[in-house]
Engineer: 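Below are the structure tokens for one structure; questions will follow.
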2 protein chains.
Amino acid sequence: MPLQNHAYKYKKVISIGTVSELTGLSHRQIRYYESRKLIFPERSKTGIRKYSFHDVEILIEIANHLEEGVWTNEIREELKKRQNNHQIKIEQPYNTC
Amino acid sequence: MPLQNHAYKYKKVISIGTVSELTGLSHRQIRYYESRKLIFPERSKTGIRKYSFHDVEILIEIANHLEEGVWTNEIREELKKRQNNHQIKIEQPYNTC
DNA sequence: CGTGTAAGGAATTCTGACACG
DNA sequence: CGTGTAAGGAATTCTGACACG
């Protein structure tokens, strides 16, 4: 069956204009955070960026941190750490919900 | 807070090209099913259709039914009935998960 | 009835650059 | 460093219609 399990949150299907509306960020800002390695959208065959709901949430956090004067470098490190924690969690077979 | 609860499934954010890829249906088919009142995308201010993951799933079911020779009228009635059942469920405060 | 297509226009997105600071 | 903008081009989407059946 070509259906996703339940990963609506991680499927990259939203284009930048909609992400801009959901986050309140400009296209410029969203693309810049990508160049700073904070988010990793996928691309359609023709090069259009596609984001997930998870990306949208990360973007909102990024915006909050930047308002507080945190640099993109620091934000990147924080996101990396969290990523690793998630990896560890996934490796443990319990707590599916 | 301008965030959604957890309704990634129902938020209308996917444009028709992506829906076409996810479902394997043509733009024409997807728009036609809308004209037949089977799906109800939202529109951006400029008129671009936006679909949810839930819409994508409904579209896949529609495609399956059509392959079996079911008419859009019948499909519409079936979807309506299911809608009503969901309404009833929502009115009962238990079983959040 | 359900779907394909060519047609013309409008809206979206992309990249690289200049600018400010 | 983080963000705005004008620039030109490419890709996307929209509508109404003709076509087949």
Side-chain angles (χ1 to χ4, degrees), chain A residues 2 11-53 55-80, chain B residues 2 11-53 55-80:
Chain A
K11 189 90 178 162
K12 311 243 177 183
V13 296
I14 314 176
S15 49
I16 198 165
T18 305
V19 171
S20 175
E21 286 182 4
L22 292 174
T23 60
L25 298 169
S26 68
H27 295 204
R28 180 70 159 107
Q29 288 173 303
I30 296 168
R31 293 199 191 102
Y32 179 66
Y33 304 152
E34 179 184 357
S35 77
R36 302 295 298 140
K37 309 286 185 191
L38 304 182
I39 44 171
F40 306 91
E42 291 181 356
R43 298 276 189 140
S44 71
K45 312 99 223 169
T46 53
I48 307 294
R49 272 172 266 248
K50 297 295 179 186
Y51 304 85
S52 66
F53 281 111
D55 290 329
V56 168
E57 295 186 358
I58 292 176
L59 282 167
I60 291 171
E61 290 188 66
I62 293 171
N64 289 149
H65 281 160
L66 283 168
E67 279 178 18
E68 292 168 17
V70 184
W71 280 310
T72 53
N73 298 296
E74 302 183 50
I75 299 175
R76 185 191 312 127
E77 295 313 312
E78 192 191 313
L79 290 173
K80 261 186 202 164
Chain B
K11 190 90 179 163
K12 311 242 177 185
V13 296
I14 313 175
S15 50
I16 199 165
T18 304
V19 171
S20 175
E21 286 181 3
L22 292 173
T23 61
L25 298 169
S26 67
H27 295 203
R28 180 73 158 102
Q29 287 173 305
I30 297 168
R31 294 200 191 100
Y32 179 66
Y33 304 152
E34 178 184 357
S35 76
R36 303 294 298 138
K37 308 285 185 193
L38 304 183
I39 45 170
F40 306 92
E42 292 182 355
R43 300 276 188 139
S44 71
K45 312 101 224 166
T46 53
I48 307 292
R49 271 172 267 248
K50 298 296 178 185
Y51 303 85
S52 66
F53 281 111
D55 290 330
V56 168
E57 295 185 356
I58 293 177
L59 282 167
I60 291 171
E61 289 188 67
I62 293 171
N64 290 149
H65 281 160
L66 283 168
E67 278 178 17
E68 292 168 17
V70 183
W71 281 309
T72 53
N73 297 296
E74 301 183 51
I75 300 175
R76 184 191 311 127
E77 294 314 311
E78 192 191 312
L79 290 173
K80 259 187 204 166

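Throughout, a chain's letter reflects where its sequence line sits, starting with A, and its residues are numbered from 1.
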Engineer: List in chain and number order the residues that pass side-chain contact (heavy atoms from CB on, under 4.5 Å) with A/Glu77, two or more places apart in sequence or in another chain; answer none if no residue qualifies.
Structural biologist: A/Lys80
Engineer: For D/dA11, take OP1 and OP2 only and decide whether either is under 4.0 Å from a side-chain N or O of A/Arg43.
Structural biologist: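 For D/dA11, OP1/OP2 do not have a side-chain N/O of A/Arg43 under 4.0 Å.
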Engineer: Quick one: B/Ile30 CD1 to C/dG2 C1', roughly how many Å, whole number?
Structural biologist: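 To the nearest whole Å, that distance equals 14 Å.
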Engineer: My understanding is that only residues two or more places apart in sequence, or in another chain, count here; which of them pass side chain to side chain donor-acceptor pair (under 3.5 Å) with A/Thr18?
Structural biologist: B/Lys50
Engineer: For C/dT12, does OP1 or OP2 lie under 4.0 Å from any side-chain N or O of B/Thr46?
Structural biologist: yes
Engineer: Excluding sequence neighbours, so at least two apart, what forms salt bridge (charged side-chain N to carboxylate O under 4.0 Å, His left out) with A/Glu74?
Structural biologist: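 A/Glu74 satisfies salt bridge (charged side-chain N to carboxylate O under 4.0 Å, His left out) with no residue once adjacent residues are dropped.
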Engineer: So which nucleotide from D/dT12, C/dT12, D/dG2 ends up closest to the side chain of A/Leu66?
Structural biologist: D/dG2
Engineer: Where the side chain of B/Lys12 meets the backbone of B/Asp55, is there a donor-acceptor pair that is under 3.5 Å apart?
Structural biologist: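 Judged by distance alone, no pair lies under 3.5 Å.
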Engineer: For the side chain of A/Thr72, counting heavy atoms from C-beta on, which of D/dA11, D/dG2, C/dC14 is nearest?
Structural biologist: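 Nearest nucleotide to the side chain: D/dG2.
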Engineer: Counting only N and O atoms by type, is there a donor-acceptor contact under 3.5 Å from the side chain of A/Ser52 to the main-chain atoms of A/Lys11?
Structural biologist: no
Engineer: Show each protein N/O and nucleotides 4-6 of chain D N/O combination with a separation under 3.5 Å, one pair to a line.
Structural biologist:
| residue | atom | partner | partner atom | Å |
| --- | --- | --- | --- | --- |
| D/dG4 | OP2 | A/Ser26 | OG | 2.7 |
| D/dG4 | N7 | A/Arg28 | NE | 3.1 |
| D/dG4 | O6 | A/Arg28 | NH2 | 2.8 |
| D/dT5 | O4 | A/Arg28 | NE | 3.3 |

Engineer: What parts of residues 31-42 of chain A reach DNA chain D, counting only heavy atoms under 4.0 Å away?
Structural biologist: A/Tyr32, A/Tyr33, A/Arg36
Engineer: Looking at D/dC14, I'd like to know if its phosphate oxygens (OP1 or OP2) sit under 4.0 Å from a side-chain N or O belonging to B/Arg49.
Structural biologist: yes
Engineer: At what distance, to the nearest 0.5 angstrom, does CZ of A/Arg31 lie from CD1 of A/Ile39?
Structural biologist: 11.0 Å
Engineer: Grab the stems for DNA chain C, please: at least three consecutive Watson-Crick or wobble pairs, both distances below 3.5 Å, written as range with range.
Structural biologist: C:2-5 with D:17-20, C:17-20 with D:2-5
